[in-house]
Every structure is written in C-alpha cells, then in structure tokens.
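The block underneath contains the structure these notes are about, expressed in structure tokens.
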Amino acid sequence: MLPFLRREVMEIKDKVKTKLLLKPQCKHIDASYMDDTIDDALNDVRDYINSDVDEELPETLVTPITDLCVVRLNLTGAEGIVSSSKAGTSETYMDNIPKSIRRKLMKYRNLP
C-alpha cells in the first residue's frame, strides 16, 4: 500500500480485501493483482461518484467496491472481448459498471 493514502481509504481497502478473500473464486488470486484490482475499483467508484482524492469515503462503499472487484476479477482474461460464440454457445461481456452496483452508488454521487 502507498504511504500517502489516508487511513480511512486504507481501512476500506483492507475490508474489501478481507471480503474478497472469503469468496471461493478469489482465494487463489495473487495478492499484488488483487491489490491492483481493488485500487482500480476504488478509482472507478471515485470517478463515478465524482469524489475528490481528499474527500473522505463512507465505509458503506465497501460493498459496492467489493462487488466491482468481483466483476473485474471474473473478467480477467476476457479483456477486450465484447462477445464470443463457440459451438452454438454465445457469451457477451459487460464493459461498464453493472446496473446493480450503479444503483448502490447513486446515493453517494455528487453532480458536477
């Protein structure tokens, strides 16, 4: 973790990591890759809610950040693929924050 991060952000990141490690699909993920994914999800959430870097984040954002991390981790290896079709089976991948997560973030969103 970076030394200049505020304590509350570090606490949120630790809680997200703890929740991720409880999920069976995340147990064998490299720690540094998981940390990068958490950072990316945190930045995506900050961008979506229009939060400044100095602005304090509520602890209730742990769940949406965790959910976004799970989505990002599940898409690992499928970056850049929009849809795929093999032997009559078709798969489509998402390319933005899922609606269920956006709904959770809406109450924190600051309009510019």
Side-chain angles (χ1 to χ4, degrees):
M1 285 187 222
L2 302 175
F4 57 84
L5 287 178
R6 292 177 43 174
R7 193 184 94 245
E8 51 93 13
V9 172
M10 289 173 55
E11 287 174 3
I12 287 174
K13 288 176 66 171
D14 287 341
K15 288 179 182 183
V16 168
K17 189 169 188 173
T18 300
K19 286 182 81 168
L20 285 173
L21 290 172
L22 293 174
K23 298 188 181 297
Q25 70 267 34
C26 297
K27 288 186 187 274
H28 303 291
I29 295 175
D30 181 63
S32 61
Y33 183 68
M34 187 177 290
D35 288 338
D36 285 344
T37 302
I38 293 169
D39 288 337
D40 291 344
L42 186 60
N43 289 333
D44 286 349
V45 167
R46 278 195 186 277
D47 286 346
Y48 186 79
I49 66 172
N50 297 315
S51 169
D52 291 332
V53 175
D54 337 342
E55 195 173 329
E56 189 169 329
L57 294 174
E59 189 173 319
T60 51
L61 284 174
V62 168
T63 299
I65 293 169
T66 303
D67 293 345
L68 190 56
C69 284
V70 169
V71 168
R72 285 174 158 275
L73 291 169
N74 286 338
L75 289 175
T76 299
E79 294 89 347
I81 300 174
V82 175
S83 84
S84 170
S85 180
K86 295 178 188 166
T89 303
S90 160
E91 296 177 356
T92 304
Y93 302 92
M94 61 184 78
D95 60 350
N96 55 10
I97 298 176
K99 194 175 196 176
S100 60
I101 298 174
R102 282 185 287 159
R103 240 189 331 264
K104 292 175 188 176
L105 295 174
M106 284 304 286
K107 64 181 166 185
Y108 303 102
R109 196 163 192 199
N110 300 318
L111 297 176

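Values reported hereafter were calculated over all heavy atoms of this structure, with side chains retained and with hydrogens, waters and symmetry mates removed. All values reported here derive from a predicted model rather than from experimental measurement.
At least one side-chain heavy atom of Asn110 sits under 4.5 Å from a side-chain heavy atom of Glu55. In this structure, the side chains of Arg46 and Val9 come closer than 4.5 Å at one or more pairs of heavy atoms. Between Asn74 and Gln25, the closest side-chain pair of non-hydrogen atoms falls below 4.5 Å. Side-chain contact check for Val45 versus Leu57: every heavy-atom pair is 4.5 Å or farther apart.
Taking OG1 of Thr37 as the reference point, atom CG of Leu42 lies at 12.5 Å (rounded to 0.5 Å). Asp36 CG to Asp30 CG: the interatomic distance, rounded to the nearest 0.5 Å, is 9.0 Å. For the atom pair CZ of Arg72 and CE of Met34, the computed distance is 14.0 Å after rounding to the nearest 0.5 Å. Atom-to-atom distance recorded for Leu68:CG and Leu61:CG is 11.5 Å, nearest 0.5 angstrom. A distance of 11.0 Å separates CG in Leu105 from CG in Asn50, rounded to the nearest 0.5 Å. With rounding to the nearest 0.5 angstrom, the NE2 atom of His28 is 11.0 Å from the CG atom of Leu21.
Both Ile65 and Met106 are part of a single hydrophobic cluster, where members link through side-chain heavy atoms under 4.5 Å apart.
Using modelled atom types, one finds a donor on one side chain and an acceptor on the other under 3.5 Å when comparing Thr60 with Tyr108.
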Could you walk me through whether Ile38 and Leu20 satisfy the side-chain contact (heavy atoms from CB on, under 4.5 Å) test, starting with their C-alpha distance in whole Å, then the side-chain angles of each, then the deciding distance to 0.1 Å, before giving a yes or no?
CA-CA 10 Å; Ile38 293 169; Leu20 285 173; 3.9 Å; yes

Taking it one step at a time, do Asp67 and Ser100 satisfy side-chain contact (heavy atoms from CB on, under 4.5 Å)?
CA-CA 9 Å; Asp67 293 345; Ser100 60; over 6 Å; no

Checking side-chain contact (heavy atoms from CB on, under 4.5 Å) for the pair Lys23/Leu73: CA distance, chi angles, key distance, verdict?
CA-CA 12 Å; Lys23 298 188 181 297; Leu73 291 169; over 6 Å; no

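With respect to Asp39 and Lys13, a salt bridge is recorded, a charged nitrogen being found less than 4.0 Å from a carboxylate O.
Applying the salt bridge (Lys or Arg N to Asp or Glu O under 4.0 Å) test to Lys15 and every residue at least two apart in sequence or in another chain returns Glu59. Contacts of Asp47 classified as side chain to side chain donor-acceptor pair (under 3.5 Å), with partners at least two apart in sequence or in another chain: none.
What you find for Val62 and Val16 is that their closest heavy atoms are O-CG2, 3.8 Å. Closest approach of Lys104 to Thr63, counting heavy atoms only: NZ-CG2, 3.9 Å.
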